[in-house]
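First listed ligand is number 1; within each ligand, the first listed atom is number 1. Because the structure is predicted, anything quoted here is derived from the model rather than measured.
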Amino acid sequence: MMHNLLSNCSKKFYSRELYGVDNVVLSDIVRPSDELLKQGIYRYADVMDIKQVQELLVNNQIDWLIHLSALLSAIGEKDVPLAMKLNIEGTHHILELARKYKCKLFIPSTIGAFGPESPRNPTPDFCIQRPRTIYGVSKVHTELLGEYFYYRFGVDFRCLRFPGIISADTKPGGGTTDYAIEIFHDALKSNAYKCYLRGDTRLPMMWIDDCIQSIVSIMEASSEQLKQRTYNVAAMSFTPDELTKAIQKYKPNFKISYEIDERQKIADSWPQVFDDQNARQHWSWNPKVDLDGLVQRMFAYLERQ
Ligand SMILES: NC(=O)c1ccc[n+]([C@@H]2O[C@H](COP(=O)([O-])OP(=O)(O)OC[C@H]3O[C@@H](n4cnc5c(N)ncnc54)[C@H](O)[C@@H]3O)[C@@H](O)[C@H]2O)c1
Ligand SMILES: C[C@@H](O)[C@H](N)C(=O)O
């Protein structure tokens, strides 16, 4: 069965092969590239303006909503009022529209929804969550409110807590895990990278294709399979030192140096290793790409550019 699907963030949810070009509407507030416009439907919609999203949803007979727009952890700390507006008020709009129009709704959460009091290695689905960033607080809010809308109004809310997502074709959006993307660009440009996290900072990470597959899998899982509405998903965990060693297999002269900044404090409060056994058991989550696979894919893509 086909779904009309609205993904309100232009970049990372490429599911047109699966659901059909005319059934996927991408929306954002940024000016789209020519390439993006050629790929299918793109519409401007600001999630702060509920009427704009409502119009899009009605006019396109949307029945699945993939709500991705958010301010990430590091950039959120630089503009807390905007993060509160986008991540909290924007999410309220989306939840309300999903309720009104009976849409199936996906909103991602993050490793950042945990905090210094959470167990860090491994971090299970259910444990204390006291994040210390506005990003993390907004995502715990999303998890709880989404589940409330499910139990109270029957909204088919589905949520995955993602690790740092690594992709080659988009610029990082202001996260604490950005180093693991920037490092590849600098490796190709100058064979060196100055990292803002300590070399032993272990964080969960995931290749973009696994991320997209996890969204498709949870959206297609039957309600009976889902024993909870928010799941951790994991693929790998590594440190900047370990990533450097994996990069040096391709570029033996690559050098890393360190200049630690405020993002270290955020990373130190986050999970090191994610426990995703519930996702694996309940709806057969099974990531494909490990650290070497990720490095190989990044270089293959970037060297083609
Ligand atoms: N990238 C990661 O490592 C990661 C990890 C865990 C969870 N997530 C979640 O995945 C989602 C997408 O993350 P991302 O990395 O693509 O973020 P990003 O910062 O790269 O993209 C966010 C997008 O939201 C858009 N946006 C901003 N304000 C908007 C508005 N008012 N209306 C509509 N769109 C607006 C931006 O233009 C941008 O394209 C977020 O919810 C994030 O929390 C991402
Ligand atoms: C982990 C994730 O949510 C995002 N990449 C961030 O660092 O903020």
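- Ion pairing between a basic and an acidic side chain is recognised when a charged N comes within 4.0 Å of a carboxylate O; Lys189 and Asp186 show such pairing.
- Ion pairing of Arg99 with Glu96 is present here, as a side-chain N (NZ or NE/NH1/NH2) and a carboxylate O approach within less than 4.0 Å.
- The pair Arg280-Asp275 fails the salt-bridge criterion, with no side-chain N (NZ, NE, NH1 or NH2) lying under 4.0 Å from an Asp/Glu carboxylate O.
- By the criterion of a heavy-atom distance under 4.0 Å, the side chain of Tyr135, and not its backbone, is placed next to ligand 2.
- Looking at atom 8 (O) of ligand 2, its nearest protein heavy atom turns out to be Ser73 OG, 2.6 Å.
- Taking any N or O of Tyr135, backbone or side chain, at least one lies under 3.5 Å from an N or O belonging to ligand 1.
- Residues Leu72 and Ile66 are members of separate hydrophobic clusters, defined by side-chain heavy-atom contacts under 4.5 angstrom among Ile, Leu, Val, Met, Phe, Trp and Tyr.
- Close to ligand 2: Trp270, with a non-hydrogen atom less than 4.0 angstrom away.
- Heavy atoms of Ser109 approach ligand 1 to within less than 4.0 angstrom.
- Ligand 2 has a nitrogen or oxygen under 3.5 angstrom from a nitrogen or oxygen of Thr110.
- In terms of hydrophobic clustering, with Ile, Leu, Val, Met, Phe, Trp and Tyr side chains grouped at heavy-atom distances under 4.5 Å, Met48 and Leu56 are assigned to a common cluster.
- For atom 5 (N) of ligand 2, the nearest protein heavy atom (residue, atom name, distance) is Thr177 OG1, 2.7 Å.
- Annotation: Asp28 places an N or O atom under 3.5 Å from an N or O atom of ligand 1; distance criterion only.
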Test log, rule side-chain hydrogen bond (donor to acceptor under 3.5 Å, both in side chains), inputs Ser73 and Thr176: CA-CA 6 Å; Ser73 58; Thr176 301; 2.7 Å; yes

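- Under 4.0 Å from ligand 1, the heavy atoms of Leu72 that appear belong solely to its side chain.
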Derivation of the side-chain hydrogen bond (donor to acceptor under 3.5 Å, both in side chains) call for Asp292 and Gln296: CA-CA 6 Å; Asp292 285 331; Gln296 181 255 318; over 6 Å; no

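- For the pair Pro108 and ligand 1, a heavy-atom separation below 4.0 Å is found.
- Of the polar atoms of Met48, none of the N or O atoms is found under 3.5 Å from an N or O of ligand 1, judged by distance alone.
- Residue Ser138 forms a side-chain hydrogen bond (donor to acceptor under 3.5 Å, both in side chains) with just one option from Thr133, Thr91, Asn87, and that option is Asn87.
- Numbered from 1 in the order shown, with element, the atoms of ligand 1 that lie under 4.0 Å from a heavy atom of Leu86 read 27 (C), 28 (N), 29 (C), 30 (C), 31 (N).
- Of the heavy atoms in His67, none comes closer than 4.0 Å to ligand 1.
- Between Gln129 and Glu143 the shortest side-chain heavy-atom distance falls below 4.5 Å.
- Under 4.0 Å from ligand 1, not a single heavy atom of Thr170 appears.
- Under a 4.0 Å heavy-atom criterion, Pro163 is in contact with ligand 1.
- Those atoms of ligand 2 that come under 4.0 Å of a heavy atom in Leu72, given as number and element, are 8 (O).
- Assignment of Gly164 to the shell around ligand 1 is supported, since a heavy atom sits closer than 4.0 Å.
- The residue from Pro172, Gly173, Ala70 that puts a heavy atom closest to atom 22 (C) of ligand 1 is Ala70.
- Side-chain atoms of Leu188 and Phe299, non-hydrogen and from C-beta on, do get closer than 4.5 Å to each other.
- For ligand 1, the polar-atom distance check finds an N/O of Ser69 within less than 3.5 Å of one of the ligand's N/O atoms.
- When only non-hydrogen protein atoms are considered, atom 7 (O) of ligand 2 lies nearest to Thr176 N, 2.6 Å.
- Ligand 2 places these atoms under 4.0 Å from at least one heavy atom of Gly175: 6 (C), 7 (O), 8 (O).
- Arg263 has a carboxylate O that lies under 4.0 Å from a charged side-chain N of Asp261, or vice versa, which qualifies the two as a salt bridge.
- Contact annotation for Ile111 and ligand 2: only side-chain heavy atoms (C-beta onward) come within less than 4.0 Å of the ligand.
- Using a 4.0 Å cutoff on heavy atoms, Lys171 does not count as a contact of ligand 1.
- Evaluated by nearest non-hydrogen atom to atom 3 (O) of ligand 1, the leading choice among Ile165, Asn87, Ile66, Val30 is Ile165.
- Side-chain heavy atoms closer than 4.5 Å link hydrophobic residues (I, L, V, M, F, W, Y) into clusters, and following such links, possibly through other members, connects Leu160 to Trp270.
- For the pair Asp276 and Arg161, the salt-bridge criterion is not met [side-chain N within less than 4.0 Å of a carboxylate O].
- Taking 4.0 Å as the cut-off, Gly112 does not count as a neighbour of ligand 1 on heavy-atom distance.
- The two residues Ala98 and Leu105 have their closest heavy-atom pair at CB-CD2, 3.9 Å.
- Taking distance alone, with nitrogen or oxygen atoms compared against 3.5 Å, Phe162 stays at or beyond that limit from ligand 1.
- The same ILVMFWY cluster, assembled from side-chain heavy atoms under 4.5 Å apart, contains both Val58 and Leu95.
- A salt bridge is absent between Arg229 and Glu147; no separation between the charged side-chain nitrogens and carboxylate oxygens falls under 4.0 Å.
- Taking any N or O of Asp46, backbone or side chain, at least one lies under 3.5 Å from an N or O belonging to ligand 1.
- Every atom of ligand 1 with a heavy atom of Ala45 under 4.0 Å away is listed here by number and element: 32 (N), 33 (C).
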